[in-house]
> 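Encoded as structure tokens, here's the structure I'll be asking about.
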Amino acid sequence: MTIFKYFMILLMGMIIYSNSSLAADINNINNMNERSIKQDPCQIMLLFSERENDPCWIVREQTFRQEVHFAKTQTEPWIKQEVVYRLLSIAPKVGLSGQACTWLLTFGEKDFDDRAKNIIRKAMEKPGKGTVLICGVANIQEELPNLKKLLVDELEYQKRTGESWRYELSWKARLARARMGVKEDINRCIELAGMELDRKLMTLSLFRDIGYIRQPEAIDFLMTYIFSDERLEQLKPTDPGEPVASYVIDILAGCLRDFPVKSGGRRYKPEEIELCRKWMSEQKEWKIIR
Amino acid sequence: MPTKCGGTLTLDPASSSNSERYDLVVGPITHQAPQFGVVTTANYNQFRAGRRYEVRIVHQGTVYYMPEADYDYVAEIEAVSLPAGVVMQIDDADGILGTHGEPNTMNLTFDAAGKVAYVNLIKVNFLEDASQKYGWDNFTTTIPWKSVKVSDTDKCYAQIGPSEKANSIYFKSLQTDKVTVSPAQASSTPQTVTLTGIAEGQADVWSRFDSVDGTDLSQLSVAAYQEDSYTLAVRVVNEEDDDVQEIPVGNGKPNTDAVNTGSNGVCNTAALGDDVQIIPVGQGEPNQIAITAGADMILDTNVVAGDDVKIDRMITTGADGICNTIADVNDIQIISVNQGKPDIICINTGANGVCNTGANGDDEQIIPLNQGKPNEICVSAGANGFRDSVPGGDDQLAGDNITTGADGVCDTTADSTDDLSTDPFNDTASDLQTYLNDTIYNQAVVKWTVTKLPDMSVNFDIDRDGCLDTTNWTTSEMDIVINQCDDPNRNYVIFVVNNPSEGAGFMDFGQKWGFIHPGTGCPNMLQVTAHELGHGMGSLTHTPSDIDNLMYNYCGSASKKLRKQQWKDVQDKQTHLP
């Protein structure tokens with residue numbers, strides 16, 4: 001009994017040590033951005049790279065998260081390009097495929113250099129949904145024919161399989177082509193989205209998809225919903241449901257320069273929604289972030 | 001209910017002499033022609049899929065005028081209406097079924113005597129394995145669905161009936177580029193079926209009779225998903241209450257003026273309770289100027305009476321505070337004889353700040369009996385600068401403070417102790433991570449990494465009702481929690497807060513932040529957390545008609561299931577690199 005007790009104490013000690021060590025690691029990673037103000041970006045990138053293969057998934061995830069954050073604060077193009085390259089080349093190999101894809105979609109066309117585009121071209125030989133969307137962000141025009149091969153007649157597909165087209169690779173390919181400026185696909189994406197009668201699907205899924213396109217026609221489409229007074233369904237009797245306009249604003253805030261509210265939170269107050277409506281009404285042309 | 005199968009039993013005594021009668025016995029059914037030598041066919045639907053029925057032919061006799069039996073007959077069993085996915089197969093090793101005996105020939109022995117054949121109504125059901133790693137859905141679809149992670153395996157069962165035909169059952173995936181299945185051939189029942197995710201997509205897996213390309217029996221649909229990974233932080237949030245009780249409840253401001261000596265300057269009142277007698281009864285304020293010299297600047301009063309004291313050109317009241325001396329006509333009598341200096345405080349309220357003493361004589365009651373000094377600060381905002389307390393009685397608000405009101409007595413208890421929320425998770429929230437990964441979101445091939453953040457005390461109860469206002473998404477009080485307690489380095493953050501205005505949890509569609517509320521009647525906070533993440537991460541709606549579903553509206557049941565469409569909704573939140 002005594003031996004058992006001592007063993008347990010030792011084990012607890014190990015766990016505590018392990019957690020505090022992890023916390024310190026994460027803290028160090030999170031502090032890198034603060035240190036970056038004073039230090040050479042090359043040194044910061046080196047520090048990040050040392051932790052990209054850390055045995056702990058959380059450390060790796062935090063490292064790449066901070067790398068993305070760091071890149072977004074930098075003006076030198078090579079830093080964004082380097083981070084994009086690492087997200088494409090390293091993150092998928094260390095269990096961060098999905099996270100990396102999400103982050104990559106927040107970058108712009110100029111952030112993908114030849115190294116990054118070559119990785120995407122290689123991946124397009126056996127494309128997944130993420131690859132296709134990133135291809136659209138990187139605007140690799142020579143992949144348009146390959147993307148076209150992935151297209152299906154969405155309505156026919158849904159009729160035949162009973163499955164919604166919005167989950168399928170073909171839809172992602174059409175979105176990518178639309179982002180790359182193919183008018184036919186821009187129009188088709190908007191047409192299909194406009195046919196969706198389920199307001200929840202429209203709001204939670206298709207707004208995001210159409211926002212991804214980053215073309216004036218897509219902004220025009222989303223703009224119509226910013227003036228909507230509809231709300232999503234109630235989750236509790238006292239909750240009127242979040243305004244559909246709030247979701248659109250969240251998307252548009254990530255698409256347009258000088259948008260009056262920030263993206264990434266929603267919970268917009270009525271006065272903020274009104275502000276965005278007014279701002280949208282006053283714009284003569286869209287300054288789209290690509 | 002077992003499936004009933006139709007079947008036709010035909011007994012045909014094919015004798016030209018029409019002399020005999022047989023029973024065709026198939027399991028519980030004994031089929032016999034009503035007359036000797038008559039062939040009859042009948043349909044029976046008592047047979048059940050997945051069962052094996054013994055078949056016997058029983059010779060029931062020969063007509064009396066025949067010298068001996070010739071034992072010819074025709075016995076046939078046919079399936080006329082089998083349910084989908086059921087195959088009838090007959091084992092007749094001794095050949096007792098079919099046509100026996102030729103017309104106009106005599107069989108001297110009954111070859112089928114004591115021999116049996118079997119009718120097998122073969123059926124395969126794919127069933128959930130309770131120890132599976134990923135998901136199973138046979139609730140929302142007629143064909144069961146299984147989820148599996150790409151580059152991993154999972155299993156289910158194939159329930160094969162009858163068991164004797166297990167090794168006649170084969171399994172085949174029609175999309176081996178997405179999912180493979182093993183074994184190819186069953187060996188027993190229930191047969192463990194292993195499914196391996198190859199690439200993201202869907203595959204139809206069939207059980208078939210006799211070979212991998214044989215007759216279709218039942219279908220299993222398999223969805224292979226890349227694993228999604230998310231980070232989640234949980235944080236216990238307490239309501240910060242740090243008001244300061246400046247005056248105890250029921251008290252007033254201590255030692256404030258309660259009674260003065262009135263116009264005669266003599267205290268006529270004895271202090272009661274904890275009131276403090278500053279000037280004894282029958283006395284006045286000591287050493288007050290009672291007489292001064294007149295215009296000639298010479299003190300003419302020569303007789304100083306009592307304990308009065310002559311000081312230079314003045315006479316003071318002395319220690320008893322009462323003027324005992326009569327001034328000369330040339331002097332000025334400031335305090336009348338036998339009086340003291342008027343309106344001097346002779347009693348204060350003492351430590352409790354409440355006046356317990358009623359004034360006597362001409363003494364003046366400054367603070368009414370049983371009251372304190374009005375409008376004194378009894379509760380002040382603490383270090384956070386925000387008043388957390390609600391005024392009681394006649395107490396009044398004065399800026400960030402609460403005062404004693406007109407009665408001078410503090411009726412307000414300062415809210416000075418944080419309202420602690422109950423932590424439903426273990427020290428590292430590993431219990432939550434295990435629950436999310438092994439019980440709930442594994443069904444949709446989603447992996448969570450959960451981090452426990454340090455508890456925080458936040459001043460969110462701005463309407464001071466003791467509750468977090470959760471009436472809609474989001475209230476000002478919820479915004480305070482979100483803005484002050486967020487962790488920007490996580491995909492999702494769940495705040496644990498007791499005492500909501502309503503509900504056991506709240507997270508709107510597609511949100512990063514969610515709230516769960518222990519002590520609200522839902523005993524399983526792990527389940528509540530998973531449910532709210534379903535709203536926030538997967539934008540999943542409630543499932544009022546699916547009580548076993550994680551997203552069922554009400555807590556209390558073992559609602560843990562995610563269905564096939566929900567797998568997709570959750571998966572659609574994120575896309576993957578190759």
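In what follows, chains are A, B, ... by sequence order, proteins preceding strands, each numbered from 1. Bear in mind that the values here come from a model prediction, so they are computed numbers and not experimental data.
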> What part of Met507(B) is in contact with chain A, defined as an atom under 4.5 angstrom from a non-hydrogen atom: side chain, backbone, both or neither?
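Backbone of Met507(B) only, per the 4.5 Å heavy-atom cut-off to chain A.
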> Does any backbone or side-chain atom of Leu104(A) lie under 4.5 Å from a heavy atom of chain B? Answer side chain, backbone, both or neither.
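Just its side chain gets close to chain B.
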> Is a side-chain donor-acceptor pair under 3.5 Å present for Glu233(A) with Thr541(B)?
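On atom types as modelled, these side chains do not qualify, holding no pair under 3.5 Å.
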> To the nearest 0.5 Å, what is the distance between OG on Ser229(B) and CZ on Arg60(A)?
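Here the rounded value is 9.5 Å.
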> Would you give the length of the straight line joining atom NZ of Lys269(A) to atom OG of Ser476(B), rounded to the nearest 0.5 angstrom?
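The NZ atom of Lys269(A) sits 5.0 Å away from the OG atom of Ser476(B).
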> Could you pull out the closest heavy-atom pair between Asn489(B) and Glu61(A), with the gap in Å?
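That would be O-OE1, 4.2 Å.
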> Could you check whether atom NZ of Lys93(A) has more than 12 heavy atoms from other residues, nucleotides or ligands sitting under 6.0 Å from it?
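Count not over threshold, so no.
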> How far does OG1 of Thr102(A) sit from OH of Tyr230(B), to the nearest 0.5 angstrom?
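So the OG1 of Thr102(A) and the OH of Tyr230(B) are separated by 7.0 Å.
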> Any salt bridge linking Lys129(A) with Asp572(B)? Criterion: basic side-chain nitrogen under 4.0 Å from a carboxylate oxygen.
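Answer for the salt bridge query: no.
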> What part of Thr470(B) is in contact with chain A, defined as an atom under 4.5 angstrom from a non-hydrogen atom: side chain, backbone, both or neither?
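Answer is both: backbone and side chain atoms of Thr470(B) are under 4.5 Å from chain A.
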> Identify which part of Ile134(A) has an atom lying under 4.5 Å from any heavy atom of chain B, answering side chain, backbone, both or neither.
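For Ile134(A), side-chain heavy atoms alone lie under 4.5 Å from chain B.
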> Does the side chain of Asn491(B) pick up a donor-acceptor pair with the side chain of Gln99(A) at under 3.5 Å?
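Judged by distance alone, the side chains do pair up.
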> Quick one: what part of Lys568(B) sits under 4.5 Å from any heavy atom of chain A, side chain, backbone, both or neither?
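It is both, since atoms from each part get that close.
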> Within the 3.5 Å criterion, strictly below it, is a donor on Gln565(B) or Tyr167(A) matched to an acceptor on the partner's side chain?
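A donor-acceptor contact under 3.5 Å links the two side chains.
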> Of the backbone (N, CA, C, O) and the side chain (C-beta and beyond), which part of Lys564(B) lies under 4.5 Å from a heavy atom of chain A, both, or neither?
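Contact with chain A involves the side chain of Lys564(B) alone.
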> Are Arg166(A) and Asp569(B) within salt-bridge range, i.e. N to O under 4.0 Å?
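Here Arg166(A) pairs with Asp569(B) in a salt bridge, since their nearest N and O are under 4.0 Å apart.
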> Can you tell which part of Gln571(B) gets under 4.5 Å to a heavy atom of chain A, answering side chain, backbone, both or neither?
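Neither; nothing under 4.5 Å.
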> Side chain, backbone, both or neither: which part of Gln202(B) has a heavy atom under 4.5 Å from chain A?
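The side chain, not the backbone.
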> To the nearest 0.5 Å, tell me how far Leu235(A) CG sits from Asn553(B) CG.
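One gets 10.0 Å once the value is rounded to the nearest 0.5 Å.
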> Hey, are Asn472(B) and Glu242(A) close enough side-chain-wise for a donor-acceptor pair under 3.5 Å?
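No, Asn472(B) and Glu242(A) have no side-chain donor paired with an acceptor closer than 3.5 Å.
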> To the nearest 0.5 Å, how far apart are CG in Asp239(A) and CZ in Phe506(B)?
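If we round to the nearest 0.5 Å, Asp239(A):CG and Phe506(B):CZ are 3.5 Å apart.
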> Would you mind checking which part of Ser205(A) comes under 4.5 Å of any heavy atom in chain B, side chain (CB onward), backbone (N, CA, C, O), both or neither?
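The side chain, not the backbone.
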> Under 4.5 Å heavy-atom distance to chain B, tell me which part of Ile119(A) shows up: side chain, backbone, both or neither.
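Looking at Ile119(A), nothing touches chain B.
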> Check the pair Arg65(A), Thr231(B) against side-chain contact (heavy atoms from CB on, under 4.5 Å), reporting the backbone distance first and the verdict last.
CA-CA 11 Å; Arg65(A) 183 182 291 275; Thr231(B) 53; 3.6 Å; yes
> Which atoms of Leu204(A) are under 4.5 Å from chain B, going by heavy atoms: the side chain, the backbone, both sets, or neither?
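Contact with chain B is through both the backbone and side chain of Leu204(A).
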